[in-house]
Amino acid sequence: MQSVISLFTTYLPYFVLVLTLLVFIHEFGHYWVARRFGIHAEVFSIGFGPELFGWTDRRGTRWKVSAIPLGGYVKFLGDNDETSTTPSEAAAALPPEQARGAFFSKPLYARAAVVLGGPAANLLFAFLVLTVVFFIAGEPYSPATVAVQVDGPAARAGLRTGDEIVRLADRGINRYEDIQDSQFLYWAKPMAVEYRRGSQMLHGEIVPQFCERTDRYNNTLRYGELGMDQLIRPVVGGFAPNGPAEAAGLKVGDLLLEIDGKPVEYFSRIPELIGTRAGQPLVVKYDRDGQREETTIIPVADKVVDCAGKEQIVGRLRIRPAGITEFRSHGVLGAMGAGVRAVWGMTTMFYTSMAQILTATRPVDELGGPIRIAKAAGEASHAGWIGILNLVIALSVVLGVFNLLPVPMLDGGHLAMYLYEAVRGKPLSLKAQELGLRVGFALVIGMALVATFNDIRLLLR
């Protein structure tokens with residue numbers, strides 16, 4: 001019940017704000033390109049259903065906000081409906097001076113450009129925002145040098161702590177974040193790995209262990225556990241509330257040296273040293289401003305579930321590492337290049353995930369709809385404007401590339417029909433277009449129903 005209340009009180013306002021912005025950008029892309037070709041837009045609507053309010057501009061376009069904020073459309077002169085699939089009967093009876101502004105009076109390349117304008121606007125928006133962020137703040141970068149867990153998948157593949165990952169699963173690795181992307185794309189599929197050790201370039205194959213976790217927002221996270229972490233110095237960067245390490249006198253900036261006489265070479269070594277020592281006093285030696293000191297800490301017990309679903313009790317110091325993420329400065333061209341790479345990476349991840357769902361290598365319950373988007377928007381708000389900005393960028397890319405899927409009713413379906421027309425020299429028959437529209441409608445509604453069912457299950461968990 002609390003989840004339902006949170007949906008309407010916390011998540012919904014952010015959802016409406018984010019979706020309205022992205023739908024406006026998408027539909028304005030169609031509208032802007034159409035204007036370049038002299039096509040008249042009769043209606044520009046944010047949302048569907050009854051009009052809540054609106055106005056008519058001097059060109060005769062009705063701009064309006066409608067009651068159901070789950071999309072939008074631009075209706076051009078001569079359209080049969082908001083999908084711009086077939087011309088209306090009235091289009092043939094338009095006077096010549098008006099017919100010149102009708103969508104279906106324009107050449108094929110113009111119609112294709114108008115259809116492409118919506119997805120392109122979303123992708124361009126994400127690219128521009130990322131470019132500005134990378135230019136002003138720099139591009140986030142974490143070195144792809146790893147700490148290898150004892151007896152984990154990476155260790156069994158021959159990797160050692162200090163190795164630098166160069167390629168993983170046929171994807172170039174430039175930073176540690178690229179490794180995390182591969183973990184979420186490939187759960188149990190063997191991954192070819194190329195890594196650098198000193199001056200040597202080595203090759204191997206990692207077989208990840210499938211893991212399923214639930215985060216603090218009750219979202220299910222699935223990924224391939226590689227048995228390696230980012231190589232981070234064991235410097236205290238912060239504390240969880242009521243943690244034993246802070247109570248024992250540790251401070252931010254302390255460098256951990258030993259735990260019960262065993263060296264702490266890197267941060268992810270700490271769980272290995274204290275995992276089975278919950279409730280037992282440990283002597284911790286550390287460096288503070290060049291001075292070696294020591295204290296006794298009793299790790300608190302936490303319940304965790306491993307990748308096999310087995311519950312375990314582990315010890316925790318409840319400290320956080322000092323962040324090692326750098327922000328690489330870029331000039332304008334460098335920031336643009338980083339923006340292109342980021343958008344391309346999100347695009348390939350989306351299409352790879354969709355292909356995995358269609359081939360049943362990824363469960364269909366990962367399809368999400370409006371409720372999940374609303375929930376994600378509310379969760380992003382807890383991270384401040386950075387969290388919301390990241391969500392807006394990601395959803396803008398998803399909206400753009402989703403609409404390019406070759407499904408009738410979507411922009412990609414229209415482009416597929418125009419490709420047919422370009423190859424055959426004539427358009428699909430109206431009967432075939434109507435059949436395609438029905439099939440596309442069924443597919444889209446089917447996906448929407450599955451996504452909504454998944455959303456409701458998530459909400460009621």
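All values below were derived from every heavy atom in this structure, side-chain atoms included, with hydrogens, water molecules and symmetry-related copies excluded.
A distance of 9.0 Å separates CG in L410 from CG in L404, rounded to the nearest 0.5 Å. Rounded to the nearest 0.5 Å, atoms CH2 (W55) and OG1 (T61) are 11.0 Å apart. To the nearest 0.5 Å, atoms CG (L405) and CG (D411) are separated by 10.5 Å. Here the CD1 atom belonging to I179 is positioned 13.0 Å from the CZ atom belonging to F184, to the nearest 0.5 angstrom. Separation of atoms CG (D229) and OH (Y176) is listed at 5.0 Å; rounding is to 0.5 Å. To the nearest 0.5 angstrom, L130 atom CG is 9.5 Å from E139 atom CD.
Put simply, the side chain of R362 never gets that close to the backbone of M354: no donor and acceptor are under 3.5 Å apart. Judged by distance alone, the side chain of S105 and the main-chain N or O of A102 form a donor-acceptor pair under 3.5 Å. Listed for the R160 side chain is no donor-acceptor partner under 3.5 Å among the backbone atoms of A147. Checked by atom type and distance alone, the side chain of N403 pairs as donor or acceptor with a backbone atom of L399 at under 3.5 Å. Checked by atom type and distance alone, the side chain of T361 pairs as donor or acceptor with a backbone atom of Q356 at under 3.5 Å. Looking at S396, its side chain does come within 3.5 Å of a backbone N or O of N122 through a donor-acceptor pair. Side-chain N or O atoms of E225 include one that pairs as donor or acceptor with a backbone N or O of G227 at under 3.5 Å. Between the side chain of Y266 and the backbone N or O of T161, no donor-acceptor pair lies under 3.5 Å.
In terms of heavy-atom proximity, G204 sits nearest to Y195 at N-CE2, 4.3 Å. When all heavy atoms are compared, the tightest approach of F239 to R320 is O-NH1, 3.0 Å. Of all the heavy atoms in G71 and L19, the pair that sits closest is N-CD2, 4.4 Å. Residues P427 and Q433 approach most closely at CB-NE2, 4.5 Å, considering heavy atoms. Minimum interatomic distance between V74 and E27 (heavy atoms only, all atoms of both residues): N-OE1, 3.3 Å. For G243 against R318, the heavy-atom pair with the smallest separation is CA-CB, 3.9 Å.
The number of heavy atoms from other shown groups lying within 6.0 Å of CG (L333) does not exceed 12. Within 6.0 Å of atom CE in M349, more than 12 heavy atoms from other residues, nucleotides or ligands are found, so the atom counts as buried in its surroundings. For CZ of R197, the number of neighbouring non-hydrogen atoms (other residues, nucleotides, ligands) closer than 6.0 Å is greater than 12. Within 6.0 Å of the NZ atom in K64, the count of heavy atoms belonging to other residues, nucleotides or ligands exceeds 12. Remark: Y420 OH is packed, more than 12 non-hydrogen atoms of other residues, nucleotides or ligands lying under 6.0 Å away.
Under the side chain to side chain donor-acceptor pair (under 3.5 Å) criterion, S429 pairs with no residue, sequence neighbours left out. Looking at residues two or more places apart in sequence or on another chain, you find no side chain to side chain donor-acceptor pair (under 3.5 Å) involving Y109. Listed by chain and residue number, V407, V439 satisfy the side-chain contact (heavy atoms from CB on, under 4.5 Å) test with L443 (two or more places apart in sequence, or in another chain).
Inter-residue side-chain proximity for E212 and L221 is flagged as unmet; no heavy-atom pair is nearer than 4.5 Å. Looking only at side-chain heavy atoms (C-beta outward), L231 and P143 stay at 4.5 Å or farther from each other. In this structure the side chain of R171 never reaches within 4.5 angstrom of the side chain of M191, judged on heavy atoms. At a threshold of 4.5 Å between non-hydrogen side-chain atoms, the residues I165 and D178 do not count as touching. Looking at heavy atoms from C-beta onward, L415 lies out of side-chain contact with L419 at the 4.5 angstrom threshold. With a 4.5 Å cut-off on side-chain heavy atoms, F327 and P140 count as touching. Here the side chains of V314 and K303 are not in contact, with every heavy-atom distance at 4.5 Å or above. Put simply, the side chain of H203 does not reach to within 4.5 Å of the side chain of V193, judged on heavy atoms.
For the side-chain contact (heavy atoms from CB on, under 4.5 Å) test with Y418, the passing option among V423, L428, L108, L116 is L108; the others fail.
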task = Mind running salt bridge (charged side-chain N to carboxylate O under 4.0 Å, His left out) on K189 and E205 for me, showing each step along the way?
result = CA-CA 10 Å; K189 173 185 174 182; E205 185 177 78; over 6 Å; no
query = Checking side chain to side chain contact (heavy atoms under 4.5 Å, CB included) for the pair Q183/L226: CA distance, chi angles, key distance, verdict?
reply = CA-CA 8 Å; Q183 285 184 269; L226 301 177; 3.5 Å; yes
key: Step-by-step side chain to side chain contact (heavy atoms under 4.5 Å, CB included) determination, L52 to S66   = CA-CA 5 Å; L52 297 178; S66 300; 5.8 Å; no
CA sep, side-chain torsions, deciding dist, call: E421, R111, side chain to side chain contact (heavy atoms under 4.5 Å, CB included) = CA-CA 12 Å; E421 184 176 344; R111 286 179 277 142; 3.2 Å; yes
query = Going through the distances and angles, do E51 and R62 end up as a salt bridge (charged side-chain N to carboxylate O under 4.0 Å, His left out)?
reply = CA-CA 11 Å; E51 177 181 326; R62 182 67 180 174; 2.6 Å; yes
request  = Take I313 and D302 through the test side chain to side chain contact (heavy atoms under 4.5 Å, CB included) and record every step on the way to the result.
outcome  = CA-CA 6 Å; I313 302 296; D302 270 352; over 6 Å; no
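Taking the centre of each ring, F48 and Y73 come in below the 6.0 Å mark.
For the pair K431 and E434, the salt-bridge criterion is not met [side-chain N within less than 4.0 Å of a carboxylate O]. A salt bridge links K75 with E42; the closest basic N to acidic carboxylate O contact falls under 4.0 Å.
Looking at S142 and E177, their side chains do bring a donor and an acceptor atom within 3.5 Å of each other.
Ring planes of W63 and F44: parallel class, angle under 30° (limits at 30 and 60°). Taking the six-membered ring for Trp and thresholds of 30 and 60 degrees, H30 and H26 have ring planes more than 60 degrees apart, a perpendicular arrangement.
Annotation: cation-pi geometry not satisfied between R175 and Y141 (NZ/CZ under 6.0 angstrom from ring centroid, within 45° of ring axis).
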